[in-house]
Amino acid sequence: MQLSSFISNFRKIVIIALFAYLIFQANIRIGERYAYAAAQNRINVWSQQRFDDFYNMPPNTLDLIFLGSSHSYCTFDPEKIDEVMGTNSFQLGMPLQHPDASYFTFREVLRTQSPDTVVVTLSWSLLQDDFSMQQIDHLFPVLDGRGEGLRNDILENMFPLNQRVKFNIAPIRFQHAFFAYTNNRLMTYFREEHDLRIILDFGEGREYYRSRGYIFASYIMTPAEYERIENSPPRNVRNWRPSPVQVNYVERIAQLAYDEGISLVFVTAPVSNVYLATYINYEAIHNQVRNLAERLDVPYLDFNMLNIDGQMFLDEHFRDARHLNDNGAQIAGNFFAAWYRAQTR
Amino acid sequence: MIFNSFQFIVFFIAVIFMHYLLPHKLRWILILCASLTFYAAWNPLFLILLIFSVSVDYFLALAIYDSENKRKRKQFLALDLFVAFGVLFVFKYLLFFSNMAVAFLNALGLNLSPPEFSIILPLGISFYTFQAAGYLIDVYKGKQEPQRNYFKFMLFITFFPPLVAGPIERAASLMPQLFSYKKFNLDNIIEGYKFMCFGFFKKVVIADRIGAAVNTVYGAPLNFDGLALIIATFLFALQIYCDFSGYSDIAVGCGKMLGIDLTQNFKQPYLARGTKAFWRRWHISLSTWFKDYLYFPLGGSRVGSLRHAFNTMVTFVVSGLWHGANWTFLIWGGLHGIYQVAGNLMPKSVKLPNLFIVKFVQTSATFLLVGFAWIFFRANSTADAFYIAGNLFLGHENWFSSQYVFAVLNSMGMSLFELLIGLGCILFLFISELFCGEECLHETLMKKPADLRFAYYLLVTVLILALGVFYNAAEFIYFQF
């Protein structure tokens, strides 16, 4: 009786081991396939170029650095800024870059550069998150063997334990990129083989990596997108609160800048008025970020409060509801230069 | 600590190990501590309320049982139900009824402003309140002896797998299992894994994937034509099934690993032929609770037809109200009540032929009726619900244009590829369930060859790994109830 029970249990354990082994193999195969797709992502290609350019800059030549999410690299064109401010600036904003990643990128900058000023774009939607893996999926592939310090800093300090586990399971980590890549191919197939097109949120125009980290776009927000946003249900943000994790990183950015003797500026990039109108009590967000900046003694520029009457940026200055196009970026650059001069005078 | 989180997996593995390593006498104490930790992980303050409810139920159950006087026993029961449902009322319904009262008074000419307060709904309050109420009623009726150990009673109410979203367990079934000796058995672990695996598949591969499209369309229905509204409603029907039955499967799986059999809460409900059959297969533990503790005491079906219809309507409207303090839930419950009453009016002597086409039509019609009712369940307001219900065919003249359909599919807040993945997995689920009849999937699979079972669960696990939504993991929909 005992022998048969032992054999039965042994058999089950062998089956469980085989099951686990097959899952492990599937994990590797799927992970490789997904990781390949992540490497094909167009936005990652632009980010790759941005980091290539950054690492090719001669040491200690940059005096103004921009950090933040797509709001940063769609708002601040270093060429324009340099033209009006006489600086040598660089845009190191990355897709979905949260304050936590901005902090570690800032540290990476300081390994080779000694800027006088750092401009960090704070976006309220990102300030709410405790953690975002997607920003890592955009950042790590483009480091491509360089920036080991940045990578290790992020892995050791920024990742909660559960996120570190997910990070080490490739199918989970790269799934988003694989889905985006495959969907792109699917769209191409339908467009080329069946002449089917989605109603684009982008109008006619071009978008490409221009220089010094800036992404040029001449698109203009389409009427279809305008209408969609206009019909969206409003969100009351009266009780909006930033994530303590991200607030902590904003504080660390300020401390690092202070320790290194670097001027720090916080900016909230403009969004279209139709989009801003979907937020009831936007002032509550503005006040919270402004209070944070005041507490840290950092100058703060909120383009949305300046544009509350819609006179500074018109709809035609946006590539989509939330990002400026190149025409908008030129206006933002001019204004920022004048505002910054006034601040430092 | 939601089931689909890394924290829960670590927590549960630790509990399993300790459970089987500890001597039998200490195991229930471990499970009690684990249950309280599990619940406190959301908000430790909720624990105070939970312990208060448990204490009231415990002492009043003993008072009911020990009292010789029938009138006093009734008073104790009434007091317990008053306290239990009173707490539920304060946390869940006070704001709703206050708003209603203000609206009513304003209609009478007073000029009152609506109350401006918000109450955080304690997690699982409807579930554990109903479980405790069922226990008290059973004690009152003499069907159940009360548990005299306070902490053992606390474990019955707080046992963590079904605590926050059911199944709502009966004392007669769960109580003895919690304290009986359980030898470690590898089969229990394997069985538990199978349930959990399928539960995770339904939750993270289907429900969380298609939920994005549902949220987009139901979040701003005015932005969408009829086709998108229909697709979103169809997807919501699947989302809520996969989300809720996924939770139940995971709870049952956790229970199995601990050697405890929990109630099977779902039996392929969308394959039901008729709305009555649907309710025998959907959220079974709640349906039977309402049947035993509300519908039967009202007189059930052994009354005149008018009274029968009234009993049915009351049961379903209360069931709607159980889900939430909102007119949308009341309408949803009312609609299901109307379906039942209408079904009861059908002549019973008509026997339909046992043909595939008849079964197909019956199943499809049931799905359409249930799906239509889901509009009211999911919509953010009654205005949205009536807009959706009234505009399901808006833009129907374009439905045969491939360009139009393509554009609609790409406008629903998720990529076409993700939508196709979601639909593919729904098809996989549908085919799996089609072979089960009213049997549980795992029971059906047990009759199949071992190789096939192995391949099936391997495939499901790989699908979870490859297609599951792990970032921004969504909470289970039924947590809000």
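Each chain gets a letter, A, B and so on, in the order its sequence line appears, and its residues count up from 1.
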Tell me which of these, [options], has more heavy-atom pairs under 4.5 Å with chain B than the rest.
options: A:Ile23, A:Asn9, A:Leu18; value: A:Ile23
options: A:Asn162, A:Asn231, A:Leu196; value: A:Leu196
options: A:His194, A:Glu227, A:Met187; value: A:Met187

[X] [atom1] to [Y] [atom2] distance, which is reported to the nearest 0.5 Å:
X: B:Leu465; Y: A:Phe24; atom1: CG; atom2: CZ; answer: 11.5 Å
X: A:Gln163; Y: B:Phe6; atom1: CD; atom2: CZ; answer: 10.5 Å
X: B:Thr461; Y: A:Asn27; atom1: OG1; atom2: CG; answer: 12.5 Å
X: B:Glu418; Y: A:Leu186; atom1: CD; atom2: CG; answer: 12.0 Å
X: A:Arg228; Y: B:Leu222; atom1: CZ; atom2: CG; answer: 14.0 Å

Counting heavy atoms not belonging to A:Arg238, are there more than 12 under 6.0 Å from its CZ?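 Open.
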Got a sec: does the CZ of A:Arg235 have more than 12 other heavy atoms crowding it under 6.0 Å?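 Yes, enclosed.
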Answer whether the closest heavy-atom distance between the side chains of A:His176 and B:Phe470 falls below 4.5 Å.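 Not in contact.
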Can you list the steps and then say if B:Met414 with A:Phe179 is a side-chain contact (heavy atoms from CB on, under 4.5 Å)? CA-CA 11 Å; B:Met414 65 195 294; A:Phe179 277 29; over 6 Å; no
Which atoms of [X] come close to chain A, meaning under 4.5 Å heavy atom to heavy atom: side chain ones, backbone ones, both, or neither?
X: B:Ile9; answer: neither
X: B:Leu420; answer: side chain
X: B:Phe224; answer: neither

State, to 0.1 Å, how close [X] and [Y] come at their nearest heavy-atom pair, and which atoms those are.
X: A:Phe190; Y: B:Leu416; answer: CE1-CD2, 3.6 Å
X: B:Gln403; Y: A:Asp195; answer: OE1-O, 3.7 Å
X: A:Ala26; Y: B:Val462; answer: CB-CG2, 3.9 Å
X: A:Asn183; Y: B:Phe417; answer: OD1-N, 2.9 Å

Between B:Gly468, B:Ser411, B:Ala220, B:Ala466, which has the largest tally of heavy atom pairs under 4.5 Å with chain A?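 Top option by heavy-atom pairs under 4.5 Å: B:Ala466.
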Given that the side chain runs from C-beta out, which part of A:Ile15 has a heavy atom under 4.5 Å from chain B: side chain, backbone, both or neither?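 Looking at A:Ile15, backbone and side chain both touch chain B.
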Contact class of A:Ile172 relative to chain B, heavy atoms under 4.5 angstrom: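 It is both, since atoms from each part get that close.
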Could you check whether any side-chain N or O of A:Lys12 sits under 3.5 Å from a backbone N or O of B:Leu186, counting only pairs where one atom can act as donor and the other as acceptor?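 No; judged by distance alone, with no hydrogens or angles, the pair does not exist.
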